[in-house]
Every structure is written in C-alpha cells, then in structure tokens.
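All remarks here apply to the structure that follows.
Computed over heavy atoms, backbone and side chain alike; hydrogens, waters and symmetry mates excluded. If you're wondering where the values come from, they're calculated on a predicted model, not measured in any experiment. Each chain gets a letter, A, B and so on, in the order its sequence line appears, and its residues count up from 1.
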Amino acid sequence: MISTPDQFTIAGKQYSSRLLVGTGKYKDFAQTHEAITESGAQIVTVAIRRVNLGQDKSQPNLLDVLPMDKFTILPNTAGCYNAQDAVRTLRLARELLDGHKLVKLEVLADDQTLFPNMPETLIAAKELVRDGFDVMVYCSDDPIQAKALEDIGCVAVMPLASLIGSGMGILNPWNLQIIIDRVKVPVLVDAGIGTASDAAYAMELGCDGVLMNTAIAKANHPVQMARAMRHAVLAGREAFLAGRMPKKIYQGSPSSPVEGKIS
Amino acid sequence: MISTPDQFTIAGKQYSSRLLVGTGKYKDFAQTHEAITESGAQIVTVAIRRVNLGQDKSQPNLLDVLPMDKFTILPNTAGCYNAQDAVRTLRLARELLDGHKLVKLEVLADDQTLFPNMPETLIAAKELVRDGFDVMVYCSDDPIQAKALEDIGCVAVMPLASLIGSGMGILNPWNLQIIIDRVKVPVLVDAGIGTASDAAYAMELGCDGVLMNTAIAKANHPVQMARAMRHAVLAGREAFLAGRMPKKIYQGSPSSPVEGKIS
Amino acid sequence: MISTPDQFTIAGKQYSSRLLVGTGKYKDFAQTHEAITESGAQIVTVAIRRVNLGQDKSQPNLLDVLPMDKFTILPNTAGCYNAQDAVRTLRLARELLDGHKLVKLEVLADDQTLFPNMPETLIAAKELVRDGFDVMVYCSDDPIQAKALEDIGCVAVMPLASLIGSGMGILNPWNLQIIIDRVKVPVLVDAGIGTASDAAYAMELGCDGVLMNTAIAKANHPVQMARAMRHAVLAGREAFLAGRMPKKIYQGSPSSPVEGKIS
Amino acid sequence: MISTPDQFTIAGKQYSSRLLVGTGKYKDFAQTHEAITESGAQIVTVAIRRVNLGQDKSQPNLLDVLPMDKFTILPNTAGCYNAQDAVRTLRLARELLDGHKLVKLEVLADDQTLFPNMPETLIAAKELVRDGFDVMVYCSDDPIQAKALEDIGCVAVMPLASLIGSGMGILNPWNLQIIIDRVKVPVLVDAGIGTASDAAYAMELGCDGVLMNTAIAKANHPVQMARAMRHAVLAGREAFLAGRMPKKIYQGSPSSPVEGKIS
Amino acid sequence: MVQITLNGAVVEIMSDSFTISALVAIRGLAKARVAVELNGAIVPKSQHSLTVIKHGDKIEIVVAVGGG
Amino acid sequence: MVQITLNGAVVEIMSDSFTISALVAIRGLAKARVAVELNGAIVPKSQHSLTVIKHGDKIEIVVAVGGG
Amino acid sequence: MVQITLNGAVVEIMSDSFTISALVAIRGLAKARVAVELNGAIVPKSQHSLTVIKHGDKIEIVVAVGGG
Amino acid sequence: MVQITLNGAVVEIMSDSFTISALVAIRGLAKARVAVELNGAIVPKSQHSLTVIKHGDKIEIVVAVGGG
C-alpha cells in the first residue's frame, strides 16, 4: 500500500496527475477548458504558430484560458520535419514563455504517418539539451534509441503507442516493456491512445504517465472522455502498484470454499 | 453528457456502483472489509456453507463485517455441479437472509475449468424463476443461451470473460458484443478479469457491470487493487458513454494546426 | 519425425487430407470443381434442397461434378433451426446417397449470427446417433457441451472459430485448446476461417482438421486460395507435430556463434 | 490466377523460394543439410568466424555441406555491434566467397535484445553500398528508417517481427504494413518467427519473403518444421495473391442456399 | 383429379393410379439422384414404382446442391 | 437415544423431545444468522421451536461465508 | 519606405525608425503574449523597443495555440 | 624469430621469409575456403604467396560457419 501520495517528477518538479493532455482539436476554448479541467491534467501541450494578424484582438488567447500559474505549459514542435525547425520553434517558445525550459520535442517524418524522424530527433535533442532545455521527447518504440535519448540528457522519453491521432492503442507492448525496464527517466506513452482501457493498459505496463489529445478532443463527448481518462490513468497506475494476480492460462480457480458444501 | 447520475437497475433496485465483488480468498475479514470498502461495491457475493460447529462462536461472522443494511448480499451457488444442488442452496440462502430474493446462480461443469454447465444452468434458472427468485446467472458467452436465460426471466446475465480465477481477461469480446446487443436485462462480465484494463475494456464494450473476486483478493495489494478496479469501472463506463474516437488504421492525424507554421 | 503418412480417421475411414471444404458460393460448377481439386479435399459438404422443377434437366448436377466414388460427400443441415428439421433433412440425405451414414449436423439459432443452437443440437445429435448416423457436429466452443456431444456418440466435434461466413479467424483459441485436450474423437474447426494463417493456426492448436467454404469461395481468386489453404493445413499440421520452439518473451537469442569473432 | 511461376528478385537474381533460412543452432551438419533441403530455401545465411586452428582438418566445412553452386550463400554480420566491425566482417566474407556481393547486414545494439542499432546500421549500409555490396539489411520496424535504407541503396530491407530467437511472432503488423506499402525493394521479415502461422501471416501482409533460423533449428523436430515452414510461406504467399475474403465483424453469412428448404 | 402438394406447390395429376416413379419420370428426374418424401416419411427408391399418389399427398423431391 | 446426521456427521442426542431451536442453542448459534434444512426441506425460523428432532433425521445448518 | 516580410507576407512601413515594439503595438499585440524573431534570431522582449526595423527584414511574431 | 598475433593468439614463426601461403599450408588450410586479413586489411588469395609475414603482424584467418 502507498501511504504517501503517488507523485512523479519531471525535470525536478513533482506532479500528482500522470495524465498529460494536448489542447488541440477542441470545438472552442470553453470546451478546451472544461475538458482539461475534468482530466485533472497539470501539464498541457501547446503549439507555437504565427499570430493571426487578421483576427479580432478582443478574443481570448489560449494562455488566458490555461494560465501559466495553474498549468505547466509544454510547448511542442508539432509540424516540424527537421531538427533545425524544431530547435528554432522551441527557442521562440522559450522567449514566449519567459524563459520556460520544459519542452516537448517531436520531429515528424511525414504528414501521412506523423511517425517520428528518429535521426533528426536525436540531432535536435542533443542541440536542445546543450542549449539548456528540459526535453521531453516523442520517439518510436525502439528501445535502443529511447535509451540513447535518455543518455543525451532528455528528461522524459515518450514513445508512441501507435500513430498520432490513430486511436489504435498500444500496438507493441513488448517494446514499451523493454523501454520501461531500461530507461531511468520517466517513460510516457505519447500518441495512439484511443480509449480509457488503452490508457489503463499503458500504466499497467509501468509507464510513468500518458499524453493524449485526440482521444479526448475527438470523442463524441470530450468532457466526459476527459473524466474517463482521469479515472483510467489512476486505475492503471494503482493496478501497476498493487501488482496484478498471475494469469493462469488453463485451470480455473474457485473463489468460494470447496469445503463445507451441503450434501 | 449525462447530467443525471449514471445508475443501473437490477430487479427494480438502483445501484450507483457497477462493480460487484466477491468476498472469498482474502487474508482475513479486516482485509475483506477494507478492500470491499475501497472498491465502492454495493453488491457483494457470498457462498453458503455448513456452519463450522467446532469454531469459536465469539469470532465474527461475514455478515457482521458486511451488514445487510449497508450491502446487497448476493448468495451464490459456487461448488454446485447440478441444478438440484443449486436450487437447494439458494433456498437455504433465502431462508438465511430473511426471504432475500436476489441470487447468483452458477452451475459448474467440473472443478478444473469451473466452466458453466449450460444445460443444468437453464434447468436451474427455470426452477428458481418459477420459485420467485431474482436470478443473476453466470453463463458462457454463447449469445443464444444468454438470450434464452433472459427469456426464462433472469434479471441479469453474467457471461464469463475467461475461466473463473484465471485472470486471462476478455478472450472473446465479439461474443460479449452480440450478447450486449441482444439482451435487454443488465449484462455483467463475471469471471476472468485480471487487472484494471480488463474491467475498463468490459465496460467499454457496453457491459452494465463487472463482477470479480480473485483479481482483487489475489493481487499483491488487494486494497489498492480494489481502488484500481473502482476507477477502472468508472473509466470504462464513462468512455462507453462518451463515445470513443474512431480508429484510423493507417493515417496519423495531427493534433496541432497545420497552418501558421514559421518558415 | 513421422515416417508413416499422417492420416486421420473419421467413422473408421482414413483420410490423408485434413482440409474439408464446402461447395457453396462458387461462380459455377467449373470453379467449384477446380477449387476443390486444388484444395486436395477428400470430404466435401453439400446441402439438401428441393429439386428445382423448372430447371433445364440437361444441366449437370453437383454430384456429377463431385462424384461419390472420388469424394466423401458430407450432407449438412444448413438452414435448419430445430432438431426435427435437421433429422428429417439428414434422413432424406441418407436416402439420396444410398444409405450413406456420415453427415454434418448443424442446427442454427438465427439467420443473423448462424450461431449453433446448442440445446437443439444436443437433441438432434442424440436422435441421429440412435438412428445409426455417423454424426460430425457443428457446435459452439463450449468445452463442456463439445464433450457432451462426444459422449452422445458423435464421430467428430466441429466448434466454430468465429461466425459462419465472417472470416474473423480464431476468436478464442483457449476454449479450442480445452476442447482438443478433452475430446478424443477428431476435433475440426468449422466456420470463421478467413485466410491461410487462420487455418495453419487452427492446426497448430492441435485440431485434427479444418472445414471451410467462404474463405475459399469468396476470395478474389478462389482456386488460388484453395491451393493456399491446402498448404496452410499441411503447414499447421507439420508445425504441430514438429513441436514449436518455446516463446521467449524478452531476451533475444543469437543464431550465430558468439565465439570466434574477429577483433 | 498467376500462370507464370511466382518468382521474386533480389539484386537482379530470381528466386522461386521466398523462405530464407539460417544455418545456426543445428545438432550437426547432417541435420543442417536435411532441414535446409526440406525447407526448399535457395538463400542461406552463414556467419564469418575465425578458423578453429585446433580442429581436425578432416571434418567437413559448412560450405561443403551447402555448396555455393547449389545455394546462394548470404554472409551475415551477426555479433557485430558497430558499423566498422560489420563492414570489416563483410569484406572478409567477400574475399572468402570469391567476390560474392550479396550480404546480410545486421548491427546489433546489445546481446540481451539483439535489437538492431539503427544509427550504426545506417552508417554501415552507406559504406557497404559505396563499396559495391548488395546489402540486405536487418532493421527495426520503423517505416521511416526502413525507407531510408532503401534510399541508401540496400537491395532488401528486413524488419524484425520480434526479437531474434524469441519466437514471439509478429508483434506489430501495422508498422510492417506501412513498410510494405512504402518500400519498393523486397521486404522480408527477419527474426521473431516462431511457428508456421507466423510465417504465413507475414506473407499475407505482403512481405516478399521470410528469413528464419531458430524456429526451425530449435523445434523439437527441425526437419519436419522446415517442411512446415516451406508450406507456410507458400500458403501465405498464395493467400496474399488470391486476395482474402473481407472480414465481417458481426453477421454470419450462410454457405448453403437459403431457398429450396423443405417445409 | 388428384391434387397434391409437390415441393410446396399445388399440382394436379390427371390420373388416380399415378406412382412416385411416374411423377419422377415426367419431371425428367428419372436419371437424376433424388430422394422422395411422402407426407413426411421417406419413400425408398425400391418403393417408388409401388407407391401410388393419392389426393392431398404432400411430396418433397430433393437433391444435393452446393453448400458449406 | 436419538441419533441424527448433522452437517454430515453422526451425532447423538440425549432426549427424544429435542427441537431445532434447542439444537441451534446448544451449538451456540442462537444469535447467529443460520438456516436449517431438515431431511432436505427448509425449516423456517418460525418453526424451529416447534420442530422436534427424530431419530435418523438429516439436518443441515448453514451460514454465509466468503465466496465469489 | 520600408518593406519587410511579416509572418510570410510582404508588408510596408511608412517610417524608417520603426521599432519592433511599435510594430507589435499597431498590430494590437501590445498586451498579448508573443515572441518575435528577426531574420531568424530571437528578439528578447527587452530589446523590442530598441530594435529598429530595416528594409528587407524578415519578422515572425508567434503565439501559443492549441496543439497536442 | 618472428612473433605474430594469429586469430588473437600470440604465435612464433621460425623464419623471417614466411608467407601467408606457407602459414595457411602448415595450418592445414591449403584446400580450405578461408579469407585472410593482415593488420586489418584483406589479403587477396592472389597475394598470399607474395605476402611475407613480419614481426608483430596481426593476422586473422576466417571461415564460414553456421549462423542465422
């Protein structure tokens, strides 16, 4: 049993929620805010884009909806296809967020799969670590390269469960298991979660956390799914800590006493 | 979104918890009580056995630990291998519980698989319904016989996910899906749940509830696993109601806008 | 190693091919004949239907295309939804085939799932065995009722892998495994095979044979798929007899010597 | 239907067998020879090791058992953990085999997982292609790096199905599917095949071939398993070409006519 | 005028001494492999020529067709 | 000397006017939640004090225990 | 007449002593949380009022938006 | 007295005009299919008889063995 609250630490800061969420694909900021509040997430990802010079300046900004004093803002490099663009984007993010160091690096290979470009990811990670960033890195489930990213100095490795936005769930739990066994920094499943049981399963494998966006934002009822995911991550985490019963492939085992039956 | 609390009804009585738990295999009554309290279960199964005439009468009885005014007691027929023994056992249970009508019928085929004996189960179900019992029935995942049990008048059908005590999880979700699509009374997965994600998955399929014992009692830390299961059933239920995102087998879909990237 | 040819026996007759095929859903008799010839099947199922009194009498009959001296004809009860119709149909089949005793019993529950109606199947099986038929019986994957069908005297039990015509493959290998472990008469997977690896997998589980129709007849190229299935059943059977390597969940094992490397 | 024999081409040479086998882990050369003959393989992998100066010179050499005029010998770099060792090993192989250019590159990351070291693999592949080798390359199932290896000039890419020697089968068919869709040179599954249905499944996904060693050599009866694998690869290939029936998740479809039933 | 039900359809026969064999023959099934059921009971081939069809008889004539 | 079978064990009772209530009481189960079956038939609690145990009776006394 | 590229679009400015601060202000972004890049290099907020825009400058002004 | 490293082991040769061919021959490998590396560089078969082994040379002689 855990008497102390079950926290986890990224880049020296403790968090009680192991569910990280994206802020894209919502109907409007109201839904974004309600869903993220229900999710209980403390870390939320944002993208960096050119200011829309045409837009009405009175309309609220995302950071008004998700204030930096309430949430840890995690700027990402979504849409970057090489190391240079990713590094440049995160330097802008750091300036934008007053020197904020915690970032999510993702260098994509193509816009059809959004699969990570691992060689460019390794280059960008080296450069960002050298430049003083705390890098959480989206990567493939290759255990060797995940370990290499830790060795470079990334503060968390975030292998995909399946393609970004696919909702296919965890396609290769075995590779994730090897990563979890070998990597000391937090391992978070990023991308591919489709529903609550996927998130619970990821946590049962021993992941330190789960990052998702589409599974919540594109559910029929995003706010309710956000709540489902909060429970799912807690469920999976508790189950991992509780230590599941062994599987018995064949023989059933009665839950009621075999003695004392009437006859 | 559901504004009204999400309740479900068995034999005319409403319950807010969709997790039903067994009371067997615990270290002691203290652990039984703590685990069941953490699980949030409102319906708990008990077995009927000969009183141990040798035992110290001062030691507490299970129904002192789980009082009938706090829990709905669900007597089962664990250990019965034919219809006659099952019916006889539940008549004793009804007398024992002051005319209590809600019971769990399980007629087992053999002590190796604990697989339901469906022909005997159908016979016993008919007899018990005729005798005025509200019958929740453990059955195979055969959609036709599950429907037949509803037609006989059972108040809930409870197909196995996998063998009792095996912890193998849901081996054939397709059959469960057909049962859920066809049966109007509550469908609960009974037997085979091994960990939290199994329970969440069962609820995502559209089950009305989940019944388990070993998964909690035989976890390394039963009380913590009980809490995990409470969250898991909530997670799966909310996810089912929220309506999951569609799976996209191949193409990834970005969670960040594709416009406005710097260049 | 097996030096003697690997034969299997049904109702006292030996067969070298463990692939049984249906004769329905083909474009024409020419395709039927070519596909079945390529499949290498020795036992082929046929349905019993009212003669089409309107049709041109010059057109060939199925039994001209698949002569009884070359193939073992296995009349089925497809389309029967109760024991009485099934028994009546097979008595007609016996008369039609000059006293032929080997039959395939299938009593369906409804035309949406084509799932077996097990209670009616048990009734029909008893009646047919009493009446001297050699009964191969289509059934659910319930290990208890499969064994009951053997005890009744059926010469082969044929559990479904998944719904007839669904091509979903083997949904619950665990139940099949229990049936194979417990039933002494030949166990054949009937229904649900979709492609070659499904058939190989069924045989690797230890099935004595596989019966299919749609997987071949509704492939883009039925004749080629028939050949694929012939190889698949051989492959699965040989693999079962050869005894597969143990799975090692985690650690890789080199296939090349670790000594003698240059340095 | 395919009228022309179904051949595939690697580095300009045609092969009729799509099963490639390793030569390690066998009891003796007699078993090696018998198993490989039964497998029908035309391409066999060998390792390069220091000659055992102590051994009796009269004992046969592997290349006497598998003569170069009968088999295409594919020297591998098993046991190499960096690009330099791999390149050096294959240059020795080329000298050993009279200028033979077709080689299997594998750069391993560690001796526990034998997972490919992809960064080193990319480096070695470039060097070997520049040096005139025809490179078949063992790689992870990362679709992006598999494509990169094609772009470098490798003549075949060979992603792992699961860890070398694990026999876990195909853990992530989705990634393999993407590789097969994108890469124009032959794609062969290398490593992880455990039994016949695994090989058939790999071919059904559209792989051009399968390479295995342990699944055959460590079966209880290697020669029989070799035969099983020959059939399995044919079965999977034919099924792929034949075009499998569509899966119907729910509704069964009868294989016998619904008209003309007696009544 | 004998009225019977043949494979579910009402049919009239112009004779009251018409046998199963005759019925099978005029239907062009003399050489075909068929089985015949009369009022729910099998009529063995050996009995076809001896079995006279009566008014109101229900007759089924079946063949083997493609099925799985 | 009344001999009965109680929960499968042969037991002797020193009286021929001994009731179910008395049996339950001397077994220390007066306050316990139990159910009693006499020769295969339930004996309602209301009948315990009226039901005299006879030689050869088969009696089952059951309780609820932990089970799943 | 200063011509610059602002977020990828060609823009003209009627002054040759126009600062980043002024640009941000007239675009109504004075209170907004933005970051500015000038010819590929970050311009810290502290430098906005000191940085004069020159003909041909490439300027990016970015914000945080919803993303996953 | 020429000392070399042969397949990782230190070996001594009683001649200073000893060729690769001679080394292969006395090792009984004349007819065997082997490849030879001298100080990290391949020695083509055609050069074996022309290549004299010098003190301190590192020589590898390899063969093909079973592997996957």
Side-chain angles (χ1 to χ4, degrees), chain C residues 20-26 28-29 31-32 36 44-58 60-66 68 73-79 84 88-89 91-100 104 106 138 164-165 190-191 211-218, chain E:
Chain C
L20 289 66
V21 299
T23 57
K25 297 182 163 182
Y26 285 99
D28 51 33
F29 279 161
Q31 190 185 60
T32 307
I36 287 169
V44 300
T45 64
V46 302
I48 304 301
R49 292 291 181 266
R50 285 170 168 171
V51 64
N52 179 348
L53 295 167
Q55 84 182 139
D56 169 8
K57 298 302 172 299
S58 67
N61 176 293
L62 179 64
L63 295 182
D64 304 332
V65 180
L66 302 170
M68 290 177 69
I73 303 299
L74 185 66
N76 68 25
T77 61
Q84 189 189 347
R88 182 178 163 209
T89 297
R91 285 183 175 141
L92 277 164
R94 179 169 54 184
E95 163 67 13
L96 183 74
L97 300 172
D98 310 326
H100 176 87
K104 174 185 171 184
E106 56 183 303
Y138 168 64
I164 292 174
D190 181 3
L211 195 163
M212 66 183 70
N213 186 334
T214 310
I216 295 173
K218 289 303 170 197
Chain E
M1 228 286 300
V2 179
Q3 191 176 70
I4 64 171
T5 305
L6 177 58
N7 285 3
V10 173
V11 173
E12 297 191 336
I13 295 173
M14 300 307 158
S15 150
D16 54 8
S17 61
F18 209 74
T19 63
I20 297 284
S21 302
L23 176 66
V24 168
I26 61 161
R27 290 302 189 160
L29 300 167
K31 295 190 189 55
R33 179 178 285 277
V34 299
V36 178
E37 188 190 66
L38 172 61
N39 301 327
I42 302 290
V43 183
K45 289 185 182 51
S46 57
Q47 300 301 308
H48 286 196
S49 60
L50 309 176
T51 307
V52 175
I53 298 170
K54 294 176 306 304
H55 187 75
D57 279 348
K58 288 182 80 295
I59 297 176
E60 299 280 348
I61 308 180
V62 302
V63 291
V65 302

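Of the atoms belonging to E:Ile42, it is side-chain heavy atoms, and not backbone ones, that fall under 4.5 Å from chain C. The contact between C:Lys104 and chain E is made entirely by side chain atoms (from C-beta outward), counting heavy-atom distances below 4.5 Å. Residue E:Lys31: no heavy atom, backbone or side chain, is found under 4.5 Å from chain C. For chain E, the nearby part of C:Leu63 is the side chain; its heavy atoms alone come within less than 4.5 Å. Neither the backbone nor the side chain of C:Asp190 comes within contact range of chain E; no heavy atom of the residue lies under 4.5 Å from a heavy atom of that chain. At a 4.5 Å heavy-atom cutoff, the contact between C:Leu97 and chain E is made by backbone and side-chain atoms alike.
Between the C:Asn76 side chain and the E:Gly68 main chain, a donor and an acceptor come within less than 3.5 Å of each other. Side-chain N or O atoms of E:Glu60 include none that pairs as donor or acceptor with a backbone N or O of C:Arg50 at under 3.5 Å.
Minimum heavy-atom separation, E:Val65 to C:Leu62: C-CD2, 3.4 Å. Among all heavy-atom pairs drawn from E:Ala64 and C:Val46, the shortest one is CB-CG2, 4.1 Å. Between C:Leu96 and E:Arg33, the shortest heavy-atom distance links the atoms O-NH1, 2.9 Å.
For C:Arg91, the salt bridge (Lys or Arg N to Asp or Glu O under 4.0 Å) criterion is met by C:Glu127, C:Asp131, not counting sequence neighbours.
Atom CD of E:Gln3 is surrounded by more than 12 heavy atoms from other residues, nucleotides or ligands within 6.0 Å.
E:Asn7 contributes atom CG, which lies 12.5 Å from atom CZ of C:Arg49 (distance to the nearest 0.5 angstrom).
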Kindly indicate, with the supporting measurements, whether the criterion side chain to side chain contact (heavy atoms under 4.5 Å, CB included) is fulfilled by E:Lys45 and C:Asp98. CA-CA 9 Å; E:Lys45 289 185 182 51; C:Asp98 310 326; 4.0 Å; yes
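Residue pairs meeting the side chain to side chain donor-acceptor pair (under 3.5 Å) criterion with at least one member in residues 34-43 of chain E, sequence neighbours excluded: C:Arg88-E:Glu37, E:Asn39-E:Asp57.
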